[in-house]
Amino acid sequence: MRLTFENRVAVVTGAGRGIGKAIALSLASEGVHLVCVSRNEASCGAVAEEIIASGGKAEALALDVGDSAAVAAAGKELTDRLGHVDILVNNAGITKDGLLLRMEDSAWEDVIRTNLSSCFYWTKALAYAMARKRWGRIINMASVSGLMGNAGQANYSAAKAGILGLTKSVAREFASRNITCNAVAPGFIETDMTSALTEEQKKAALANVPLKRLGKASEIATLTTYLCSEEAAYITGQVFTVDGGMVM
Ligand code: NAP
């Protein structure tokens, strides 16, 4: 099936590695102009260069997605300069795991700010311009941890569950402006985030995965690209689980 992307510009956060990089490359292969956002210039810069080298349009933007003022300024600069930003993929995320009784306030606050508040900041920064154009796609990267909870991830699960409520509220609030908002909830995907898990933790995780393997970043990117396309116009406020059957 051919997907339609008419002169679209996309901001993808956490595009320097893993799932975000796969999404950026996938959207770029559809002709979308990419703004690749990550913490480090080196990681988002390398992805933007890879897109340009293969004939696509891309630029890099290094900032902390949890910095409200920096995101607001970046949103204004991008919409002023490019004229439109049509697609927002809020994918940047971190983990700071620990059992609740030992979790420092800073681990709670950092994970909520980076994973959840960032989605609010970016949506606020770009939704007005999307609304004026009467077209927009917002995809928020959640997690099965936000659906099921996970011992040792109170902060991360709370942030990801918060993303689901934000997604549904944004979907309702902006539907009349032809902006859709959906969430993707990956299970265990092979990236730097999961390479930090011990073999024992991976084995325990896979015991609950009927398809008995980790997912690939490209498998999240394919669905996300579809949700960003013209063809997904009648889908909003939904959560799509891509987890090898872990949550049914
Ligand atoms: P990853 O490989 O660790 O990459 C994370 C990306 O986010 C990096 O590009 C990083 O920037 C960027 N980032 C982190 N904090 C940032 C900040 N404060 N400001 C700007 N950029 C920031 O992660 P991943 O596994 O691809 O995960 C991507 C998303 O999927 C996350 O939201 C994660 O929670 C979610 N998810 C992942 C899995 C999984 O199994 N991997 C499962 C469920 C959900 P730098 O490159 O500059 O460091």
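Note that ligands are numbered from 1 as they come in the structure, with each ligand's atoms numbered from 1 the same way.
- The distance from atom CG of Leu25 to atom CD of Glu50, rounded to the nearest 0.5 Å, is 5.0 Å.
- Nearest heavy atoms, Leu126 versus Leu88: CD1-CD1, 4.0 Å.
- Ala42 does not count as a contact of ligand 1, since none of its heavy atoms falls under 4.0 Å from the ligand.
- Looking at Thr194 against ligand 1, only its side chain comes within 4.0 Å, counting heavy atoms.
- Contact annotation: for Cys44 versus ligand 1, there are no heavy atoms closer than 4.0 Å.
- Atom 38 (C) of ligand 1 has as its closest protein heavy atom Gly187 O, 3.8 Å.
- With hydrogens left out, the protein atom closest to atom 28 (C) of ligand 1 is Asn91 OD1, 3.2 Å, a heavy atom.
- When each atom of ligand 1 is checked for a heavy atom of Ala92 under 4.0 Å away, the hits are 7 (O), 13 (N), 21 (N), 22 (C), 32 (O).
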Point to revise | Intermediate values then yes/no, salt bridge (charged side-chain N to carboxylate O under 4.0 Å, His left out), Arg113 and Asp67 | key: CA-CA 8 Å; Arg113 191 168 42 81; Asp67 180 338; over 6 Å; no

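- For the pair Arg132 and Trp135, the cation does not sit on the ring face, since its NZ or CZ is not both under 6.0 Å from the ring centre and inside 45° of the axis.
- At under 3.5 Å, not a single nitrogen or oxygen of Val144, backbone or side chain, sits near a nitrogen or oxygen of ligand 1.
- Listed by first and then second residue, the side-chain hydrogen bond (donor to acceptor under 3.5 Å, both in side chains) pairs involving residues 7-19 are Arg8-Glu230, Arg17-Asp192 (not counting sequence neighbours).
- Within ligand 1, counting atoms from 1 as listed, the ones closer than 4.0 Å to a heavy atom of Gly93 are 5 (C), 7 (O), 14 (C), 31 (C), 32 (O).
- Side-chain N/O atoms of Ser43 and Ser38 include a donor and acceptor closer than 3.5 Å.
- Lys212 NZ: more than 12 foreign heavy atoms inside a 6.0 Å radius.
- Close contacts between ligand 1 and Phe188 involve ligand atoms 40 (O) [criterion: under 4.0 Å to a heavy atom].
- When the heavy atoms of Asn40, Val65, Ile19 are ranked by distance to atom 47 (O) of ligand 1, first place goes to Asn40.
- The shortest contact between atom 33 (C) of ligand 1 and any protein heavy atom is with Tyr156 OH, 3.4 Å.
- Salt bridge status for Arg81 with Glu77: present, with a side-chain N to carboxylate O gap under 4.0 Å.
- Ligand-side atoms of ligand 1 in range of Met141: 29 (C), 30 (O), 35 (C), range being under 4.0 angstrom from any heavy atom.
- Atom 3 (O) of ligand 1 has its closest protein heavy atom at Arg17 NH1, 3.4 Å.
- Side chains of Asp97 and Gln153: a donor on one and an acceptor on the other come within 3.5 Å.
- Scanning Asp192, Ile163, Ile94 for the heavy atom closest to atom 15 (N) of ligand 1 points to Ile94.
- If you look at Asp64 next to ligand 1, the close heavy atoms, those under 4.0 Å, come from the backbone and the side chain alike.
- Remark: minimum distance from atom 12 (C) of ligand 1 to any protein heavy atom is reached at Gly14 CA, 3.5 Å.
- Neither the backbone nor the side chain of Glu190 has any atom closer than 4.0 Å to an atom of ligand 1 (non-hydrogen atoms only).
- Under a 4.0 Å criterion applied to the non-hydrogen atoms of Ser43, ligand 1 contributes the atoms 45 (P), 46 (O), 47 (O).
- Considering only non-hydrogen protein atoms, atom 21 (N) of ligand 1 sits nearest to Arg39 N, 3.3 Å.
- Remark: the backbone N or O of Ala42 is not paired with any side-chain donor or acceptor of Asn40 at under 3.5 angstrom.
- Salt bridge Glu219/Arg213: present, at least one basic N to carboxylate O contact under 4.0 Å.
- Between Leu164 and Ala183, the shortest heavy-atom distance links the atoms CD2-CB, 4.1 Å.
- For atom 43 (C) of ligand 1, the nearest non-hydrogen atom of the protein is Pro186 O, 3.3 Å.
- Within ligand 1, the atoms closer than 4.0 Å to a non-hydrogen atom of Gly16 are 9 (O), numbered from 1 in the order shown.
- For atom 20 (C) of ligand 1, the closest non-hydrogen atom on the protein side is Leu63 O, 3.2 Å.
- Side-chain contact of Thr225 with Glu30: a donor-acceptor pair under 3.5 Å is absent, judged by distance alone.
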